[in-house]
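Heads up, the thing below is written out as structure tokens.
Just so you know, these numbers use all the heavy atoms, side chains as well, and skip hydrogens, waters and symmetry mates. This chain uses plain numbering: 1 for the first residue, then up along the sequence.
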Amino acid sequence: MSVHLQHDLDDLHKSLLSMCASAEEMIHRAVAQLSSPSIDEARALMKQDVEIDSLDVRIEDSCLKILALHQPVAIDLRRITTVMKIAGELERVADLAVNISERACGLLEGPEVTVPDRLKDMAELAVNMLHRSIDAYVDLNSQLARDVCTEDDAVDDANRELIDELVRQMSHHPERVEALLHLFSAVRQVERVADHATNIAEDVVYLVEGRIIRHARKLEQHSEESS
């Protein structure tokens, strides 16, 4: 590897780590809003989201320049493509943080509703998945990344249970439908955070092992059912 390529890869890594830290901070703050909504905090998250959008563009631009100038191969090529993909996932996580914050602030309007503890637990699990997927990237730990992927099932189960419960509450309390719809949306946003954490983890496995595991579990389940 040339000195110039190594320098560019190091700069790229630092930029992604900065984006990781910002996106993780945003989702922490957004989830906290479910318990304590704040219009000012929501506006601050929107401002930070613009900064992450800009960083995402710069990272993609850097990746494309490295590909054009150095024509990397093998692990270096996987690293660049992985960084580009992870940056895209983090940009979407930041968008979800803004959405969760907006839904939380929506609870300030209309009749008061209680945020289910199950939602708070689900959000904590999704945030932890994101944190661990980032750790897996930093440490190049494909086993940790695989562990993160298996945790997505628990979030999916919580998502289904919460949606069913909220639908029941809407049918019994039509006067609370608007507020409950904010919760409904927040649940879906949290579930997507876990999805993006899973995608990052799968990208880490590809980076470290050179294997694409996306959809692997579904294919295995389908094979078992067919046999």
Side-chain angles (χ1 to χ4, degrees), residues 1-30 43-102 126-127 129-142 144-146 148-149 152 189-216:
M1 181 193 302
S2 71
V3 174
H4 294 298
L5 174 56
Q6 184 61 61
H7 179 269
D8 288 345
L9 289 175
D10 289 343
D11 284 347
L12 190 63
H13 179 67
K14 291 176 183 176
S15 294
L16 185 62
L17 290 184
S18 176
M19 192 174 185
C20 286
S22 294
E24 188 175 352
E25 179 198 0
M26 283 186 69
I27 205 66
H28 270 290
R29 291 165 61 188
R43 288 172 178 164
L45 286 172
M46 292 176 66
K47 181 178 180 180
Q48 191 171 356
D49 181 45
V50 174
E51 296 170 357
I52 283 192
D53 288 343
S54 177
L55 184 53
D56 178 43
V57 171
R58 292 203 303 272
I59 287 175
E60 182 175 355
D61 186 56
S62 295
C63 287
L64 294 175
K65 285 181 179 178
I66 293 173
L67 290 172
L69 291 174
H70 302 289
Q71 298 182 345
V73 296
I75 182 65
D76 295 330
L77 179 59
R78 294 208 306 272
R79 183 178 297 279
I80 294 165
T81 56
T82 298
V83 166
M84 195 182 305
K85 291 168 69 177
I86 290 177
E89 301 292 346
L90 293 171
E91 187 275 331
R92 293 180 183 90
V93 167
D95 289 342
L96 292 172
V98 172
N99 293 342
I100 292 169
S101 177
E102 289 176 343
V127 170
M129 285 178 63
L130 178 64
H131 177 77
R132 282 156 55 81
S133 69
I134 291 171
D135 281 351
Y137 166 74
V138 172
D139 298 335
L140 296 178
N141 188 334
S142 61
L144 176 58
R146 289 176 180 275
V148 171
C149 292
D152 189 46
Q189 308 300 322
V190 169
E191 190 270 336
R192 291 191 182 104
V193 171
D195 286 344
H196 290 301
T198 300
N199 291 344
I200 292 172
E202 291 170 343
D203 291 336
V204 172
V205 173
Y206 170 71
L207 170 61
V208 177
E209 302 179 7
R211 296 185 59 194
I212 298 174
I213 65 168
R214 185 161 289 138
H215 310 308

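- Between the S22 side chain and the M19 main chain, no donor and acceptor come within less than 3.5 Å of each other.
- Remark: E25 engages R29 in a salt bridge (charged side-chain N to carboxylate O under 4.0 Å, His left out) (not counting sequence neighbours).
- The OG atom of S101 sits 11.0 Å away from the CZ atom of R43 when rounded to the nearest 0.5 Å.
- Checking R92, E89, E91 one by one against H196, the side chain to side chain donor-acceptor pair (under 3.5 Å) holds for a single residue, E89.
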Pair up each side-chain donor or acceptor in residues 57-64 with any protein partner under 3.5 Å, not counting sequence neighbours, and list the distances.
| residue | atom | partner | partner atom | Å |
| --- | --- | --- | --- | --- |
| R58 | NH1 | S54 | OG | 3.1 |
| D61 | OD2 | K65 | NZ | 3.3 |
| S62 | OG | R58 | O | 3.0 |

How far apart are the C-alpha atoms of L90 and I52, what are their side-chain angles, what is the distance that settles it, and do they pass the side chain to side chain contact (heavy atoms under 4.5 Å, CB included) test? CA-CA 8 Å; L90 293 171; I52 283 192; 5.7 Å; no
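- The CG atom of L130 lies 5.5 Å from the CD atom of E24; values are rounded to the nearest 0.5 Å.
- Among all heavy-atom pairs drawn from M26 and A94, the shortest one is CE-O, 3.6 Å.
- Separating the CG atom in D53 from the CG atom in D95 is a distance of 6.0 Å, to the nearest 0.5 Å.
- Here the closest heavy-atom approach between residue A197 and residue S133 is recorded as O-CB, 3.5 Å.
- The backbone N or O of R78 lies less than 3.5 Å from a partner atom in the side chain of T82, making a donor-acceptor pair.
- None of V93, D152, L96 except one satisfies the side-chain contact (heavy atoms from CB on, under 4.5 Å) rule with D195; the exception is D152.
- With rounding to the nearest 0.5 angstrom, the CG atom of L12 is 7.0 Å from the CG atom of L16.
- Residues D135 and H131 bring a donor and an acceptor atom of their side chains to less than 3.5 Å of each other.
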Evaluate the criterion side chain to side chain contact (heavy atoms under 4.5 Å, CB included) for residue pair L69 and L5; output intermediate values, then yes/no. CA-CA 9 Å; L69 291 174; L5 174 56; over 6 Å; no
Criterion side chain to side chain contact (heavy atoms under 4.5 Å, CB included) on T81 and Y206, from CA distance to verdict: CA-CA 10 Å; T81 56; Y206 170 71; 3.9 Å; yes
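- Put simply, the side chain of V127 does not reach to within 4.5 Å of the side chain of V193, judged on heavy atoms.
- No side-chain heavy atom of D76 sits under 4.5 Å from any side-chain heavy atom of I66.
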May I have the step-by-step check of side chain to side chain contact (heavy atoms under 4.5 Å, CB included) for S15 and D11, ending in yes or no? CA-CA 6 Å; S15 294; D11 284 347; 5.5 Å; no
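- The side chain to side chain donor-acceptor pair (under 3.5 Å) test with E202 singles out one residue from K85, R146, R214, R211, and that residue is R214.
- The closest side-chain heavy-atom distance from N141 to V204 is not below 4.5 Å.
- Atom CG of L45 sits about 10.0 Å away from atom CD1 of I100, to the nearest 0.5 Å.
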